[in-house]
Amino acid sequence: RRSSDLFCLDRRLGNYELPSKWRIIAAGNTLDDGAIVFKMSRALENRFSHVFIKADPHQWCLWGEKNNINPWVLAYIKLDPEALCPEDKYREIPTFARPRTWEFVSTDLDNNSIDDPDIEDIVASSISEGSSSKFFAFLAMRTKIADANKVLEGELATMPEKVDER
């Protein structure tokens with residue numbers, strides 16, 4: 001750690017000196033993220049500009065459409081944007097929903113049938129049981145919800161009986 005501090009503070013490492021117009025850029029987690037991080041010295045903190053980034057569900061879905069994210073994952077995040085990065089209520093749970101882990105879910109869905117008896121456990125291993133349960137409740141509704149386009153085109157003769165399936 002000491003050499004990285006010196007590199008950032010003095011802009012040199014051994015005999016190597018950074019060119020004058022170069023800027024050092026670093027990315028990392030905060031101490032509150034629960035990741036393995038170390039507190040920076042105040043002197044080092046003061047040498048950086050700090051930008052805190054929060055995932056934007058709309059932007060993530062736009063990215064997802066261009067990067068082959070499973071359409072059911074995109075539909076769910078569009079319906080429940082908070083599901084992309086829910087507030088962490090239980091820090092002791094090793095898996096949690098974040099943009100990276102939703103991408104894992106997308107891959108899992110592309111590589112397995114939604115009807116596979118193990119798919120819920122596979123998905124839960126990436127985003128937690130709670131997030132997985134909500135996602136699969138959404139998927140269970142996909143065959144019960146009336147297709148708005150079919151209703152508007154007059155193709156759907158009857159509406160589902162249950163209000164929550166319309």
Side-chain angles (χ1 to χ4, degrees), residues 1 4 8 23-42 44-45 47-152 156 159-166:
R1 209 174 101 176
S4 64
C8 294
R23 185 163 189 166
I24 298 170
I25 298 174
N29 294 74
T30 67
L31 291 170
D32 294 335
D33 289 334
I36 299 171
V37 297
F38 300 96
K39 176 101 174 89
M40 282 188 198
S41 68
R42 294 291 292 158
L44 186 57
E45 283 180 329
R47 300 306 195 277
F48 283 97
S49 298
H50 297 263
V51 178
F52 297 91
I53 299 172
K54 182 171 171 42
D56 179 297
H58 175 72
Q59 291 298 318
W60 188 82
C61 286
L62 291 175
W63 171 86
E65 289 166 2
K66 293 177 186 171
N67 288 276
N68 300 314
I69 294 297
N70 184 283
W72 290 115
V73 170
L74 293 173
Y76 179 65
I77 298 301
K78 287 175 184 178
L79 179 71
D80 183 7
E82 292 297 315
L84 184 64
C85 282
E87 291 295 320
D88 294 333
K89 295 178 183 169
Y90 307 103
R91 282 273 185 207
E92 66 274 4
I93 297 173
T95 59
F96 45 91
R98 291 294 183 266
R100 173 185 1 213
T101 55
W102 279 110
E103 187 176 358
F104 298 163
V105 169
S106 174
T107 301
D108 291 338
L109 293 174
D110 291 344
N111 293 333
N112 298 280
S113 167
I114 288 178
D115 300 318
D116 182 318
D118 296 322
I119 192 65
E120 285 191 55
D121 290 333
I122 293 168
V123 168
S125 73
S126 293
I127 58 172
S128 81
E129 285 186 35
S131 293
S132 178
S133 294
K134 291 176 186 176
F135 178 63
F136 279 94
F138 163 78
L139 289 179
M141 295 300 295
R142 77 188 189 284
T143 59
K144 298 176 183 176
I145 297 174
D147 182 328
N149 290 327
K150 287 184 179 181
V151 171
L152 292 173
L156 194 62
M159 290 291 282
E161 290 183 29
K162 293 182 180 178
V163 174
D164 63 340
E165 294 177 2
R166 293 182 188 169

Practice item. Indicate the ring-plane relationship of Trp63 and Trp60, choosing parallel, tilted or perpendicular according to the 30° and 60° boundaries. Key: tilted

Review point. Arg98 side chain to Pro86 main-chain N or O, any donor-acceptor pair under 3.5 Å?
Key: yes

**Study point:** Nearest heavy-atom neighbours spanning Thr95 and Ser126
**Key:** CB-O, 3.7 Å

**Study point:** Student check: side-chain heavy atoms of Ile114 and Trp72 closer than 4.5 Å
**Key:** yes

Practice item. Drop me the distance from Ile127's CD1 to Lys134's NZ, to the nearest 0.5 angstrom. Key: 10.0 Å

Exercise for review: Please tell me if the side chains of Phe135 and Val73 come closer than 4.5 Å, counting only heavy atoms from C-beta onward.
Suggested key: yes

Check your understanding: Looking only at atom types and distance, does a side-chain atom of Asn67 sit under 3.5 Å from a main-chain N or O of Ile69, one as donor and one as acceptor?
Key -> no

Point to revise | Exercise: identify the closest heavy-atom pair between Ala55 and Pro57 | key: O-CD, 3.6 Å

Check your understanding: Between Ile24 and Phe48, is any pair of side-chain heavy atoms under 4.5 Å apart?
Key -> yes

Exercise for review: Specify the closest pair of heavy atoms between Cys8 and Leu44, including all atoms of both residues, with the distance to one decimal.
Suggested key: CB-CD1, 3.2 Å

Practice item. Sequence neighbours left out, what pairs pass salt bridge (Lys or Arg N to Asp or Glu O under 4.0 Å) with at least one residue falling in residues 61-79? Key: Glu65-Lys78

Exercise for review: Keeping to residues at least two apart or across chains, list the side-chain hydrogen bond (donor to acceptor under 3.5 Å, both in side chains) pairs with something in residues 100-111.
Suggested key: Asn70-Asp110

Check your understanding: By salt bridge (charged side-chain N to carboxylate O under 4.0 Å, His left out), which residues pair with Arg42, not counting sequence neighbours?
Key -> Glu45

Check your understanding: NZ/Lys54 to CG/Leu84 distance, rounded to the nearest 0.5 angstrom?
Key -> 8.5 Å

